[in-house]
Structures are given as C-alpha cells and as structure tokens.
Amino acid sequence: MENQETEATDKRVACMSSTKVTRSYLESGLRAYVKQGENADLRMRLERRSNESRGTAAYTAIGAEKTVRFIIKVGKLQVIQYPLTSPSSPPSNHRQSTTMAAVTYPCNLLPLPYLSTRTTTKTSATVSFSVTAVSRQVSATSTAGVVAAPSQPLLQFSFDSLQYEQGKVGAVPDGRVSDSPPVGAMEYLTNILTSKVYEVAMESPLQHAGKLSEKLGVDVWLKREDTQPVFSFKLRGAYNMMAKLSKKQLAEGVICSSAGNHAQGVALAAKKLGCDAVIVMPVTTPHIKWHSVKRLGATVVLEGDSYDEAQAYAKKRAIKENRTFIPPFDHPDVISGQGTVGMEIVRQLQGPIHAIFVPVGGGGLIAGIAAYVKRVSPEVRIIGVEPADANAMALSLHHGQRVMLDQVGGFADGVAVKEVGVETFRLCRELIDGVVLVSRDAICASIKDMFEEKRSILEPAGALALAGAEAYCRFYNLKDANVVAITSGANMNFDRLRLVTELANVGRQREAVLTTFMPEEPGSIKKFYNLVGAISITEFNVGVHTKSELQAMIERMKSYQLDTIEFTHNDMVKDHLRHLMGGRSNVENELLCRFIFPEKPAALVKFLDVISPRWNISLLHYRAQGEAGANVLIGIQIPTTELNEFRSCANDLGYDYEIESDNEGFQLLMR
C-alpha cells in the first residue's frame with residue numbers, strides 16, 4: 001500500500017514545466033485536496049508561513065475541524081501528509097490522506113510574512129480557497145490546470161444594474177496593483193515572447209478596413225483571429241498551456257469543457273502534441289460544433305443540459321482518469337498564449353495606436369493583450385467590449401471585486417459567462433482602461449459591416465470588438481487615429497443569420513421601429529405615407545439615414561394628430577410584437593413572460609408539463625435563435641393570489657425568463 005502511494009505521488013511530481021514557480025502556483029495546487037464524499041462541506045482557509053533561513057515554506061489548511069499540513073523545502077520536494085482528522089500525527093489510514101502539492105524544482109519562492117506556529121490566523125497573511133476536486137489517495141489536479149478561486153460565494157448582480165451609453169468607456173478600473181501577484185509583469189512578458197503557439201497557430205493578418213475607415217474618419221485595423229485554423233484565437237492559449245505539460249501528463253491525457261471555440265482549440269492542440277483529449281460538451285451543443293471537434297481526433301462526450309453541468313462532469317472525470325483539465329481562460333499559461341495577439345499587433349502596426357478593442361468573456365484574451373502591450377507601449381488604450389446583457393467584467397471592475405451575473409444574455413454565446421476569472425480580473429483591474437457595452441443590434445450591424453468589408457461572416461462574439469470600436473469612435477467623435485479591433489471568431493451558426501439580417505440595419509441606425517396610431521377613417525394610410533415623405537418603409541418599419549430625419553418625421557406625424565412612438569430599442573417589440581400586430585385583446589389575469597428555451601428535444605414539453613394544465617396559456621410566439629436558444633413570448637392566465645406559486649415553478653424549471661407585462665410596447669399595442 002505504501003509503495004502504491006509513493007508511486008502515485010511520484011506521478012504527480014513535475015506538474016509544472018517551468019523552472020521558476022511562484023507562491024501562487026503552489027497555492028493554486030492546494031485547491032485540489034481531498035474532499036471526502038459529495039456532501040463534505042470543506043471550506044478551508046490557508047495559513048502560510050516561511051522560514052527563509054531554512055529555505056522552507058509551510059502551509060496549513062484549517063477549517064471545519066479538519067486540518068491538513070504540508071511543507072515545501074527549497075531545492076527538493078517534501079510533502080508531509082496528515083489525515084484529515086489529525087493535525088499532528090502521520091496518517092494511520094492512507095485512504096484518508098492527501099498530497100497537498102507537487103511541483104517541479106528548482107523553485108523560487110517569493111518571501112512570505114512570518115506567522116507564529118499557533119493555529120490562530122493573522123488576517124494579513126490569510127488566503128482563501130475553495131475545495132473544488134475529489135481526491136482518493138493523492139491530488140489528481142496539477143497546478144498546471146488550476147487557478148485558485150475564493151471560497152466566499154460571489155455577490156450576484158443583474159446585468160441591467162450597470163448600463164451606460166453605448167460607446168462610452170465605463171467601468172474604469174481603479175488600477176490597483178496586487179501586492180503579491182501570482183505571475184509578475186516581467187514573467188508574463190517573457191512567457192509571451194517565448195510562447196510556442198506558432199507551432200500550431202499562425203500570425204494572423206492585421207488588415208486595414210477601408211470602407212469603415214472612410215465612414216468613421218479613423219483608420220480601423222482588423223486583427224483577423226477569425227482566420228486561424230479553428231477560426232478562433234482560442235487555439236493559442238490552449239496550445240501554450242498544453243505544450244508546457246510534462247511527457248507524463250501528456251501521456252495521461254487532457255480534458256476540457258466547452259460548447260464552442262475552446263473545444264476546437266484543445267482538440268487541435270492535442271492532435272499536434274499526440275495527446276489524447278476528451279472534450280465534454282452540453283447535450284444542447286449543435287451537431288456542427290461537436291462534429292467539428294470529433295473530426296480533429298478528440299473524444300466528444302455530451303453531458304449535462306448546461307455548460308456548468310458539463311464542466312462539473314469534466315472536472316470529476318479529470319480526477320478519476322488523472323487527466324489535466326485545460327481551463328478556457330483563467331490560467332497564466334492560457335493568458336500568455338492569448339497575449340501573443342498583442343505582441344503581433346505592436347509588431348505589425350508601427351504607427352501610434354489610439355486603442356485596441358478586445359472582446360471580453362472570461363477575460364483571458366484582454367488580460368493577455370494588456371499584459372504585453374501595457375509593458376511595451378503603455379500609452380495604448382486597452383478597451384474591453386461586452387454585450388450589454390453579459391457584462392460580468394464591467395460589473396466586477398465597477399464593484400472592485402469579482403461578482404456573478406444572475407442571468408446572462410446568450411446571443412454572443414462565445415462571451416456569455418456569468419463570472420470572470422480570478423487572474424484575468426486581477427490583470428484587467430491593474431492594466432485595462434475600461435469597458436464599452438454594446439447592444440445586440442450593434443453586434444448584428446458589425447457582422448454586416450465585416451461582410452461588406454471583407455466578405456467574411458463573423459460570429460456574434462467575433463464581431464463584438466468591432467461593434468465596440470465603431471460605437472466608441474462615434475461617441476467620442478474620434479478622428480485621424482489608429483484603432484484596432486480583434487475579430488476573434490467566425491464559428492457562426494447558420495440558423496442565427498436570420499436574426500442578424502433582421503437587426504443589422506437597426507444597429508446601424510438605418511432603420512427605426514415605430515408605432516403610429518391612425519384614426520379609422522378613409523385616407524388615413526395615404527395621409528400617413530405622405531407625412532413619412534422621402535424616408536423609405538420596410539415591413540412598415542421606417543428606414544432612416546440620420547437621427548434628425550427620424551425626429552423630424554415623428555414631429556410631422558404628431559402635428560397632424562398621428563401619435564408616433566419609437567420602439568427601436570425595445571427588444572420585445574422587435575422580436576415578437578412586430579410579428580403579432582392585428583388587434584387588441586384584454587385577457588383577464590394575463591401575465592406576459594419571455595422565456596429562453598434551450599435548443600434541445602422536449603424543451604417545450606418540459607415547460608408545458610410545469611405550466612399546463614395548472615394555468616391557461618393565452619399566447620405563445622416562438623422564435624428560434626440558433627444555438628443561443630429559442631426566444632419565446634408566452635401569455636399565461638394566473639390569478640394574483642397564485643403569482644408566487646408561478647414564480648416558484650418557473651424558477652425550478654431552470655429556463656431564463658423575464659416578466660414583460662409592464663412593457664410599454666405590450667401595453668400600447670396589445671391591450
């Protein structure tokens with residue numbers, strides 16, 4: 001038994017390929033220690049102390065009457081194991097012990113503040129971690145696959161709790177610099193400069209957008225990451241991390257969870273390195289995406305209805321099969337790989353750069369670009385761009401800490417995350433200049449702009465930075481400057497194009513959605529048309545060229561007692577009510593809701609099983625949006641006394657929803 005455990009411990013040694021390991025790398029490995037059973041609630045805090053004269057760093061995890069301790073000596077690895085029930089004696093039962101860390105040496109530890117040997121904690125040296133993995137005899141998750149996460153639950157906010165004008169740079173960070181960063185600035189710079197990403201990725205072109213430049217009065221440059229072998233930048237970070245794994249780790253294989261571009265990046269990287277890869281994807285993943293991953297040689301496992309469920313399964317399987325988990329963004333090696341995009345921009349564009357616009361999901365790309373560009377060209381603005389309904393980074397920067405979205409918009413699914421990474425947030429807080437928020441309409445408009453510019457079709461997340469750059473230039477009336485937008489991906493679901501074409505002209509402000517109340521009398525429509533004037537009408541939406549033209553037309557209507565209201569920014573009107581015009585109906589106790597149904601078999605049946613026949617469904621309008629899910633407008637007759645019961649049922653259903661009964665468009669057009 002003892003030999004088996006020693007052998008298992010040896011297998012996890014050399015989990016870092018770098019010869020210089022900082023304190024944070026050691027601590028991040030602690031997150032993978034023993035969790036005895038699914039229901040064990042281990043919320044540990046870590047006390048750390050060092051004795052520099054002896055070259056020793058000791059860490060003790062304390063909490064819930066369970067204590068584990070280990071010691072690392074500079075120059076060699078010494079892992080001391082204790083059972084969870086005893087902090088002072090060697091393990092009597094090996095199955096209850098755990099290896100706390102295993103690292104490659106030599107190791108360069110940062111100086112640590114001294115703490116007494118008592119179990120009382122000094123807050124200045126306390127670092128919180130959460131238990132995230134199940135272990136049997138030894139920790140199966142290497143420090144190469146984990147970045148520590150706070151044990152305290154994140155505060156939750158709604159995306160609409162922080163909104164500001166499109167194009168404005170908001171959520172400007174305080175620039176706080178961490179006292180003990182896990183990876184120093186020079187180390188990031190060195191790692192980016194020496195990255196191995198070009199063994200599989202290419203240096204993407206930086207192309208001038210002539211039409212957009214002429215329209216905006218600035219020089220717009222497109223960093224074409226959508227031209228990578230997997231049509232996304234994600235390949236860079238995945239390969240950079242995997243290329244640093246040891247031969248033993250590569251032989252044991254890798255695993256990741258993803259519903260999109262990260263999956264393809266890991267699959268191609270594994271193929272290049274001759275490594276076995278398991279990609280866990282939600283069962284709702286479109287066939288075209290998981291088939292593309294399978295075609296690259298990876299094993300695809302469809303598990304769970306959501307990304308969170310797929311990720312939980314992937315992490316458990318990583319431990320069970322001793323595989324290395326490859327995170328999508330929150331790891332220094334992944335961040336460094338993405339940072340090569342910034343290195344290329346600086347090399348490719350010699351003139352002064354006003355700003356680089358970067359799409360933000362978990363934060364890996366913008367953190368990597370900022371880590372490089374801000375060190376070599378600190379005058380360049382690094383501006384993140386997020387969808388207005390998926391603004392996790394903006395909210396986190398605004399509150400000065402990582403927060404979680406209670407609900408996230410799925411249109412730009414490549415950046416639809418509820419919480420940003422620990423390390424990515426640290427870097428963004430220190431280095432970036434703020435975040436621009438853009439609407440779904442603006443993203444669609446930029447997809448069309450890119451098609452007209454380069455005859456390329458970007459996915460919504462891929463056009464996000466371009467939408468932000470366009471909005472920024474208009475908001476600040478920027479002229480005669482160089483701006484760079486990262487076109488980050490082109491894995492577009494064909495079904496989504498219908499919605500993009502509907503909203504592109506609205507996003508360009510070339511089309512407005514208006515409602516005009518006309519009297520029921522002969523000649524009303526002709527009178528309406530004459531007042532519209534030279535402005536064209538499409539689907540009885542009004543095509544406009546400028547805001548002043550639109551406002552002038554509305555005023556003409558009102559002067560002739562034709563009240564006209566603009567609904568260009570009302571999503572429910574654009575998605576549903578424009579297709580439901582035809583009369584009013586005042587249904588008793590009708591509650592109007594918008595649900596997002598996942599694109600999977602029986603999603604509607606699951607909803608009906610919960611709602612019907614308990615309550616009557618008075619209206620149902622179903623609009624598919626590709627893999628983002630179906631946007632469904634539903635009217636349900638619910639007595640006031642049963643509203644709480646309905647909310648409970650709707651919450652248990654697990655579908656995102658919003659009550660729209662008070663929506664101005666609904667009240668004016670349908671009631």
Side-chain angles (χ1 to χ4, degrees), residues 18 20-28 46 48 50 52 57 108-114 122-129 143 146-152 154-155 169-193 237 329-343 346 353 355-356 358 360 362-384 386 392-403 419-435:
S18 171
K20 182 176 181 181
V21 182
T22 65
R23 177 182 69 202
S24 178
Y25 279 5
L26 299 176
E27 291 175 351
S28 65
L46 293 175
R48 60 187 183 216
S50 64
E52 295 183 46
N108 182 19
L109 289 172
L110 297 176
L112 301 175
Y114 176 78
K122 291 188 178 180
T123 57
S124 61
T126 300
V127 180
S128 296
F129 294 79
T143 55
V146 181
V147 169
S151 61
Q152 296 297 324
L154 299 179
L155 297 175
V169 177
V172 178
D174 55 20
R176 178 180 175 183
V177 179
S178 175
D179 295 332
S180 54
V183 181
M186 288 306 299
E187 189 170 354
Y188 266 120
L189 198 62
T190 301
N191 289 342
I192 292 170
L193 288 168
F329 48 81
D330 200 16
H331 189 278
D333 289 335
V334 175
I335 294 169
S336 297
Q338 320 299 29
T340 56
V341 176
M343 177 183 68
V346 173
I353 303 174
I356 300 174
V358 189
V360 180
L365 180 60
I366 191 171
I369 289 175
Y372 182 88
V373 175
K374 283 295 186 179
R375 304 306 177 191
V376 299
S377 301
E379 74 282 359
V380 177
R381 296 168 178 82
I382 306 297
I383 299 174
E386 289 185 304
M393 181 64 79
L395 271 167
S396 296
L397 293 173
H398 176 74
H399 291 283
Q401 60 180 318
R402 290 171 65 247
V403 301
E419 59 183 276
V420 300
V422 176
E423 177 65 355
T424 59
F425 172 72
R426 182 190 72 81
L427 288 168
C428 288
R429 185 177 187 181
E430 177 184 343
L431 298 174
I432 76 169
D433 294 277
V435 178

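Keep in mind the model is a prediction, meaning the values are calculated, not measured.
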*Asks:* Do the side chains of Ile335 and Glu423 get nearer than 4.5 Å, heavy atoms only?
*Replies:*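 Of all side-chain heavy-atom pairs linking Ile335 with Glu423, at least one is under 4.5 Å.
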*Asks:* If we only count heavy atoms from C-beta on, is the Gln338 to Thr424 side-chain gap below 4.5 Å?
*Replies:* no
*Asks:* Going by the rule side chain to side chain contact (heavy atoms under 4.5 Å, CB included), which residues pair with Val360 if we only count those two or more places apart in sequence or in a different chain?
*Replies:* Ile366, Glu386, Met393
*Asks:* Output the distance between atom OG (Ser396) and atom CG (Leu154), rounded to the nearest 0.5 Å.
*Replies:*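 Rounded to the nearest 0.5 Å, the OG-CG separation comes out at 8.0 Å.
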*Asks:* Kindly give the heavy-atom pair with the smallest separation between Ile192 and Gly368, and that separation in Å.
*Replies:* CD1-O, 3.8 Å
*Asks:* Using the side-chain hydrogen bond (donor to acceptor under 3.5 Å, both in side chains) criterion, which residues pair with Thr340? Sequence neighbours excluded.
*Replies:* Arg236
*Asks:* Quick one: do Asp330 and Arg426 make a salt bridge, cutoff under 4.0 Å?
*Replies:*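 Answer for the salt bridge query: no.
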*Asks:* Under 4.5 Å between any side-chain heavy atoms of Gln401 and Val403, yes or no?
*Replies:* yes
*Asks:* Please tell me if the side chains of Leu397 and Ile432 come closer than 4.5 Å, counting only heavy atoms from C-beta onward.
*Replies:* yes
*Asks:* Are Leu427 and Tyr188 close enough that some pair of their side-chain heavy atoms sits under 4.5 Å apart?
*Replies:*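 Counting from C-beta outward, Leu427 and Tyr188 do come under 4.5 Å.
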*Asks:* Going by an N to O cut-off under 4.0 Å, is there a salt bridge joining Glu419 and Arg402?
*Replies:* yes
*Asks:* Between Arg375 and Glu187, is the closest basic N to carboxylate O distance under 4.0 Å?
*Replies:* no
*Asks:* How close do Gly434 and Pro173 get, heavy atom to heavy atom, and via which atoms?
*Replies:*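 Minimum heavy-atom contact is N-CD, 3.9 Å.
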*Asks:* Which heavy atom in Val373 sits nearest to a heavy atom in Val346, and how many Å separate them?
*Replies:*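 Heavy-atom minimum between the residues: CG2-CG2, 4.0 Å.
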*Asks:* Considering non-hydrogen atoms only, spot the tightest contact between Lys374 and Arg381 and give its length.
*Replies:*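 What the structure gives for the nearest pair is NZ-CA, 4.2 Å.
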*Asks:* With a 4.5 Å limit on heavy-atom distance, are the side chains of Ile369 and Val358 in contact?
*Replies:* yes
*Asks:* Check Ala394 against Ala171 and note the closest heavy-atom contact, atom names and distance.
*Replies:*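 In this case the closest contact between Ala394 and Ala171 is O-CB, 3.4 Å.
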*Asks:* Looking at Arg429 and Gly400, would you say the former's side chain and the latter's main chain have a donor-acceptor pair under 3.5 Å?
*Replies:* yes
*Asks:* Is any side-chain heavy atom of Val169 closer than 4.5 Å to one of Ile383?
*Replies:* yes
*Asks:* For side chain to side chain contact (heavy atoms under 4.5 Å, CB included), just list the numbers for Phe329 and Val420, CA-CA rounded to whole Å, side-chain angles, deciding distance to a tenth of an Å, and then say yes or no.
*Replies:* CA-CA 9 Å; Phe329 48 81; Val420 300; 5.7 Å; no
